[in-house]
Amino acid sequence: MGSNIDKLVQNAVPGVAKLHPYQPGKPVDELARELGLNPDDIVKLASNENPLGPSKRVLAAIEAELPELTRYPDGNGFELKQALSSRFDLKPNQITLGNGSNDVLDLIARAFLQPGTNAVFSQYAFAVYPISTQAVGADLNMVPAKDYGHDLSAMAKAINSQTRVVFLANPNNPTGTMFGRDEFRTFMTEVPGDVLVVLDEAYSEYVSDENYPDGIELLTDYSNLVVTRTFSKAYGLASLRVGWAASAPEIADLLNRVRQPFNVDSLALAAAKAALADVDYLEAGKKLNDQGLIQITEALDAKGLSYIPTKGNFIAVDFAQDTAAINQAFLEKGVILRPIANYGLPNHLRVSIGTQEENQRFITVLNELDLNGES
Ligand SMILES: *Cc1c(COP(=O)(O)O)cnc(C)c1O
């Protein structure tokens, strides 16, 4: 039996070999190693994480859970589902818990997509949608963006007889764009009732726009709607990996069938429950974000740079030139930003909103840049 690795590789699910793996933000320790910098001097504004650090109540909940570490977690996440149900006025059987909301997006792809079907998503939309779609051998049905945001009427028109899922991010990452309630309702009237609409609301907690469509409130009107939320951003639990979906119980039942039985670990379950109860932490994070956005946009305005208006905890800055060298200049000064050339936006860098001091580090390096010269 000789080696037949080439043929073996060709046997992979069609689409897997072609997919572009997710490119995460550069970790602080990696940059420290690469450039010989002190990790404490590095500021990471690259992954839209909560700059407040973990909530005290979360840390206490994790500590209380530690003695149970030898036990499997509650595979049904009973207590967290109870807490989510009462907080968002849902029934526990409408909820699917995930190892981050990326996991939930994957469950949706596995339950509803297969070769020969397609998923509709927008140009510049979150990179996980094409990855989850291609991983199960389904086709990408990408719709050109409008002003960097989702063109919902074009997306409705792009739906064909093989479309099973539409992925929407509101606000979208990496652009920060938002669509409003009326536009979304019109879109839902145009989508066939047997096409699943996934409304990814990873940043909903940061939005104060009164025109924002709260997906969970709209669930009662649309049986083909799935809303995904995460504990990774405003709730400050990115490393613990907890996300969830709310949907009709029939959809949740399907997603829970393909879910790994223990996809959310016990520390994450306890932490998420505590995070949900810590309203002050959520409010402090939102306030810090609102202030940070003003701080950063004022600096961008002063520098004469344009940016995509954002509703999230990050902002995509247009440097009007390829940003590879600019990004490198920030890295050398210990500021990690997120290049988004892989999204088709080579002239933009995405900046996560940090603490006031972290934002100031970004602004200081920005003001030192000679954007007309060698930068
Ligand atoms: C960060 C993010 C998520 C959340 O990912 P997790 O797996 O929950 O950490 C989901 N959707 C979008 C658009 C995001 O930016």
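In listed order, ligands and their atoms are each counted from 1. Values below: every heavy atom of this structure, side chains too, minus hydrogens, waters and symmetry copies. No experiment lies behind these values; they were computed from the predicted model shown.
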Query - Sequence neighbours excluded, every pair satisfying salt bridge (charged side-chain N to carboxylate O under 4.0 Å, His left out) that has a member inside residues 172-183 - result: none
Query raised in the report: Contact residues of ligand 1 with a heavy-atom cut-off of under 4.0 Å?
Result: Gly100, Ser101, Asn102, Phe126, Asn173, Asp200, Ala202, Tyr203, Thr230, Ser232, Lys233, Arg241
Query raised in the report: Under 30°, 30 to 60°, or over 60°: which ring-plane class applies to Trp244 and Phe88, parallel, tilted or perpendicular?
Result: tilted
Validation: residues 311-320 side-chain donor-acceptor distances under 3.5 Å, sequence neighbours left out:
from   : atom 1 : to     : atom 2 : distance (Å)
Lys311 : NZ     : Asp209 : OD2    : 3.0
Asn313 : ND2    : Asn48  : O      : 3.0
Asp318 : OD1    : Ala320 : N      : 2.9

**Report entry** Residues in salt bridge (charged side-chain N to carboxylate O under 4.0 Å, His left out) contact with Arg185, at least two apart in sequence or another chain
**Finding:** Asp221
Query - Minimum side-chain heavy-atom gap Val258-Leu254 below 4.5 Å - result: no
Query raised in the report: Between Tyr129 and Phe121, does the ring centroid distance fall short of 6.0 Å?
Result: no
